[in-house]
Amino acid sequence: MKILLTGFEPFLDYSENSSWVVAEQVATRGVVGCDVVVEQLPVSFMRVGGALRKAVEEHNPDVAIMLGQAGNSDSVRLERVALNLMDATNADNDGYMPNEEPISPDAPAALFTTMPIKRLRSAIEAAGVGVKISNSAGLYVCNRLYFEALTLCRERPSMWAIFVHLPLYEGQPSAKINKPTMPLEAMIKAIQTIIEDIKND
Ligand code: PCA
């Protein structure tokens, strides 16, 4: 089984992005029986969709697992839905700050993952890691990416995709104090658990 695992480059005033640290670790350690390829994606509303498409065309994955950092989250968040909207209060890495713009004017208002997220939540809980299902990935670049991924799944019915938001990792350099964190190993375990669970499907 081929897995495309993505994480994001640093953004805002974060010198590191926990999603990339976790993605790299999971890919380096590997999962028995799976070919895990890892790609870093730009925090850019305009470029992230094309970057994902290129990676999917190149690697032809069975499953795309996309990770993003959610600085205010205290648990792993399995995202259920991507909305056809971009809105931001902070500019992306290209300096772009959309104001209530559709991603794709002719596309549905929302797209849902077809992955068994309740089952994945149970598996991650059983592995001892704090996890929630989330019904909004926000309106920033992570949601923009997820909308592209779920559009790709409609074009390629054999492909599955899920977006996972992660807290900052314990000890992560951050300009802001009092942000919730999670041990890096727990987040790595959560992603390995997702891969193990779908591998056995
Ligand atoms: N998190 C942002 C974009 C990049 C990232 O890691 C988000 O939640 O949209």
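Order of appearance sets the numbers: ligands from 1, and atoms from 1 within every ligand.
With ligand atoms numbered from 1 in the order given, ligand 1 contributes 7 (C), 8 (O) to contacts under 4.0 Å with heavy atoms of H165. Contact atoms of ligand 1 toward G68: 6 (O) (distance under 4.0 Å to a heavy atom of the residue). Applying the 4.0 Å criterion to heavy atoms of Y140 picks out, from ligand 1, the atoms 2 (C), 3 (C), 7 (C), 9 (O). The ligand atoms of ligand 1 that sit less than 4.0 angstrom from a heavy atom of V141 are 9 (O).
The single protein non-hydrogen atom nearest to atom 3 (C) of ligand 1 is C142 SG, 3.3 Å, given as residue, atom name and distance. For atom 1 (N) of ligand 1, the closest heavy atom belonging to the protein is Q69 O, 2.9 Å.
A salt bridge is absent between E125 and K118: the closest approach of a Lys/Arg side-chain nitrogen to an acidic carboxylate oxygen does not fall below 4.0 angstrom. Look at K179 and D74 and you find no salt bridge, because none of the NZ, NE, NH1 or NH2 atoms lies under 4.0 Å from a carboxylate O. One finds no salt bridge joining E185 and K189 here, because no Lys/Arg side-chain nitrogen approaches an Asp/Glu carboxylate oxygen to under 4.0 Å.
No heavy atom of R144 sits closer than 4.0 Å to any atom of ligand 1.
Backbone and side-chain nitrogen or oxygen atoms of N17 are examined, and one is located within less than 3.5 angstrom of a nitrogen or oxygen of ligand 1.
A tilted orientation is assigned to the rings of Y14 and F11, their planes being inclined by 30° to 60°.
In N143, neither the side chain nor the backbone holds a heavy atom less than 4.0 Å from any atom of ligand 1.
In this structure, the side chain of D92 engages the main chain of F45 through a donor-acceptor pair within 3.5 Å.
There is a side-chain donor-acceptor pair under 3.5 Å between H165 and E79. Counting only N and O atoms by type, the side chains of R156 and N60 include a donor and acceptor under 3.5 Å apart.
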